[in-house]
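Report on one structure; see the data block that follows.
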Amino acid sequence: MKLSLREIIEIPGKSVGFSCDLGTEDLDFPSIVRYLSAPHAEGRVFNEAGVLRLEGEIRSELLCICDRCASEFETTKTTPLSAVIVEKNDDNADDPELFFLDGDEIDLDEILSTLFILDVDSKFLCREDCKGLCPKCGKNLNLGLCGCGKETDPRFAVLEQLLDKD
């Protein structure tokens, strides 16, 4: 989606709002099973002393797989948006922190997708204290202890025999 900034480019202090849904075709991650609702972005582009600044947030409902216990869980992800938009020139063409005007418009989908991707968690957990799976039997330890005993290091087997004599 293109967003026209024609009405604010030359007028410091002005702003223009936006509200749109992001397509999820390019937002494919191994731990996200599916999007329960399309990521929805809302915000404004401000002209502050000739510098265009995009502010807002993206909210999305996700069905994910926990990276520790492999259980599916639903979560809400809120991505804060903050970006600087400038005209492209030789001095700033390689700056990864900037987004560029295309005439008097911006490609809103590109900016929003990039900011969403950069904010995605590297690890998805069903809860902060997820205990994961037993490395021996594979039982989900969040549901209770498994029947596997604690494995003893074979180097300490002789010492354990001394403890068993009591």
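Values below: all heavy atoms of this structure, side chains included; hydrogens, waters and symmetry mates excluded.
- Taking 4.5 Å as the limit, every side-chain heavy atom of Asp104 sits out of range of all side-chain heavy atoms of Leu5.
- The backbone N or O of Phe124 lies less than 3.5 Å from a partner atom in the side chain of Asp67, making a donor-acceptor pair.
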Worked verdict on Leu141 versus Cys146 for side chain to side chain contact (heavy atoms under 4.5 Å, CB included): CA-CA 7 Å; Leu141 297 175; Cys146 62; 4.3 Å; yes
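- Applying the side-chain contact (heavy atoms from CB on, under 4.5 Å) rule to Ile117 yields the partners Leu27, Phe29; only residues at least two apart in sequence or on another chain are considered.
- Heavy atoms from other residues, nucleotides or ligands lying under 6.0 Å from CG of Leu143 number more than 12.
- Residue Asp26 places its CG atom among 12 or fewer non-hydrogen atoms of other residues, nucleotides or ligands, all under 6.0 Å distant.
- In this structure the side chain of Glu74 never reaches within 4.5 angstrom of the side chain of Leu62, judged on heavy atoms.
- Other residues, nucleotides and ligands place more than 12 heavy atoms under 6.0 Å from the CG atom of Asp129.
- Cys20 is not listed as a side-chain neighbour of His40, based on a closest heavy-atom distance of 4.5 Å or more.
- For Glu7, the CD atom counts as loosely surrounded, since its 6.0 Å shell holds 12 or fewer non-hydrogen atoms of other residues, nucleotides or ligands.
- Ile8 and Val84 end up in different hydrophobic clusters when Ile, Leu, Val, Met, Phe, Trp and Tyr side chains are linked at under 4.5 Å.
- Both Leu98 and Val51 sit in one connected hydrophobic cluster of ILVMFWY residues. Membership requires side-chain heavy atoms under 4.5 Å apart, directly or through other members.
- Glu61 and Thr76 share a donor-acceptor pair across their side chains, judged by distance under 3.5 Å alone.
- Evaluation of the side chain to side chain donor-acceptor pair (under 3.5 Å) rule for Ser71 yields Asn140 as partners, not counting sequence neighbours.
- Listed by chain and residue number, Leu54, Ala83, Ile85, Phe99, Ile106, Leu115 satisfy the side-chain contact (heavy atoms from CB on, under 4.5 Å) test with Ile111 (two or more places apart in sequence, or in another chain).
- Here the side chains of Leu52 and Val86 are not in contact, with every heavy-atom distance at 4.5 Å or above.
- Considering only heavy atoms from C-beta on, Val33 comes within 4.5 Å of Glu72 through its side chain.
- A donor-acceptor pair under 3.5 Å is absent between the side-chain atoms of Lys139 and the main chain of Leu133, judged by distance alone.
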The test is side chain to side chain contact (heavy atoms under 4.5 Å, CB included); show your working for Leu22 and Ile58 and say whether it passes. CA-CA 9 Å; Leu22 250 58; Ile58 300 173; 4.2 Å; yes
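- Taking 4.5 Å as the limit, some side-chain heavy atom of Phe116 sits within range of a side-chain heavy atom of Val120.
- Remark: Lys136 NZ is packed, more than 12 non-hydrogen atoms of other residues, nucleotides or ligands lying under 6.0 Å away.
- For the residue pair Glu55/Ser82, the side-chain donor-acceptor check at 3.5 Å is satisfied.
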Residues Cys126, Cys69; criterion side chain to side chain contact (heavy atoms under 4.5 Å, CB included); working and verdict: CA-CA 8 Å; Cys126 58; Cys69 69; 3.7 Å; yes
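- In the hydrophobic clustering of ILVMFWY residues, with side-chain heavy atoms under 4.5 Å counting as a link, Val16 and Leu108 come out together.
- Tyr35 and Ile65 are not part of a single hydrophobic cluster, where members link through side-chain heavy atoms under 4.5 Å apart.
- Residues Met1 and Leu112 share a single hydrophobic cluster, defined by chaining ILVMFWY side chains whose heavy atoms lie under 4.5 Å apart.
- With hydrogens and angles left out, the side-chain atoms of Arg127 and Asn142 include a donor and acceptor closer than 3.5 Å.
- Taking 4.0 Å as the cut-off between side-chain N and carboxylate O, Asp109 and Lys2 do not count as a salt-bridged pair.
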